[in-house]
Amino acid sequence: MTATLTFLGAAGTVTGSQHLLDDGSHRILLDCGLFQGLKVLRERNWAPPRANPATLDAVLLSHAHIDHSGYLPRLARAGFEGPVFCTGGTADLLRVLLPDAAHLQEEEAEWNNRHATSKHDPALPLFTTEDADRVLARVKPIAFDTTFAPTPGVEARFINSGHILGAGLIECRIGGRLVVFSGDLGRYGVPIMRDPDPVAEADVLLVESTYGDRLHTPDDHRDKLAEAVSRAADTKGWLLIPAFAVGRAQEVLYDLRELERARRVPALPVYLDSPMAIQATAIYASHPEEHDRELTDIVAEGQRPFATQRISLCRTVEASKRLNDTAGPGIIIAGSGMATGGRILHHLRRLLPERSTTVLFVGYQAAGTRGRLLRDGARTIKMLGQVVPVAARIMVSDAYSAHADRAEILRWLHGFTRPPSMTYVVHGEPSAASALRDAIAHELHWPATAAEDGQRVTV
Ligand SMILES: [Zn+2]
């Protein structure tokens, strides 16, 4: 029995994570992610599935991020009727993220039809809310460190990868070979999440390389956050923090609470203005088994780790709009993280022209996004049909990241007690993937190669 591995996405790029394991009698998909970013990548989401959905036995999902899970509704739409295995935390987050992704697709199609901008008539969504619901009904949560059979004859296990809530690296024993897939690796010694668990062995290893050519800046990200909060207090203005709803919003809340407790900043009113971030925060709080020691201690003392002293949750549009008539100083955390959409746009439109406003970016800002333009110093910015002048102070903290950097990936690889017979570097831009491959070869002397899109290899 010879097993093969085919790289169907996230090879030479960071999105569309999808790898097929096949031993002749079983076919297992590792991850089922959406391509994101450049148009040429996004167009790939519209092609027929590269793994025939009718022949798949199961999908194993490393974590809930859309570039790892967002193709599932499309797979269901194309006829996949098998189970989707993931951890409990991932299952909970999927119930928030997949319907939201479907809703965005439906909105975009509707907008295209109204403005007749699509060459397709009518423009259709990539997938619908029904597709998302259909695949959510197939999700089977499995506890960490528990061996299970995704299909008879194959064994698998999720191991904590420390990336976001529920994130696991995947061990899969198929065709007599042990394949380990890192999923996205988290960082060491950061708040909230535990360090990635070590793995002792693999016959074949797939390792991510998002930051394979970079090291994170060592500065304390709470310094920038404290500076931004203090400025808002001094100017009696608003601090706007565009943040991803899952992971980043919780990190920022946790850090704000720590700064308040240490009396490094005054306790300003904090508005979490994102229904998705509110749900994600509740999910983070409801999985104590994944909390790091600091978080566990806070909860054991009967405290709420993500609740600042004066926090308010804006669930409804009305609650969000009421902020328009509320005087600063205060802090608004809202999506989207790159200011490409979401409630943050309305706050930016209103508050960017004010000198008293502070905007703090806490995540990667991709080329072409409003977030990138602002951090690059744009003096005007187009949004919601207006040209908005920028008088606000724009600040950036580059220290927040949910991905291990090159040194941290290597630290995790050093946990192996015997070298894999082959290591495939995935989930990185070509320069990052080849840098990590070289580091693995020089530092560990393991055979390693950057996976190529569509490449099939024997495991
Ligand atoms: Zn991820």
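One-based numbering along the sequence shown. Only heavy atoms go into these numbers, but all of them, side chains included; no hydrogens, no water, no symmetry mates. Order of listing sets the numbers, starting from 1, for every ligand and every atom in it.
Under the 4.0 Å criterion applied to side-chain N and carboxylate O atoms, D223 and R264 are assigned as salt-bridge partners. In this structure, R194 does not pair ionically with D292, as no charged nitrogen and carboxylate oxygen lie closer than 4.0 Å. Ion pairing of R95 with D133 is absent here, as no side-chain N (NZ or NE/NH1/NH2) approaches a carboxylate O to less than 4.0 Å.
Side-chain atoms of D405 come within 3.5 Å of backbone atoms of H216 as a donor-acceptor pair (strictly under, hydrogens ignored).
Excluding waters, the protein N/O/S atoms found under 2.8 Å from the Zn ion (ligand 1) are H63 NE2, H65 ND1, H163 NE2, D184 OD2.
Test F148, F144, F181 against F158 for ring-ring contact (aromatic ring centres under 6.0 Å, His included) and you get one pass: F148.
The cationic group of R248 does not satisfy the cation-pi geometry with Y400, failing either the under 6.0 Å distance to the six-membered ring centre or the 45° limit from the ring axis.
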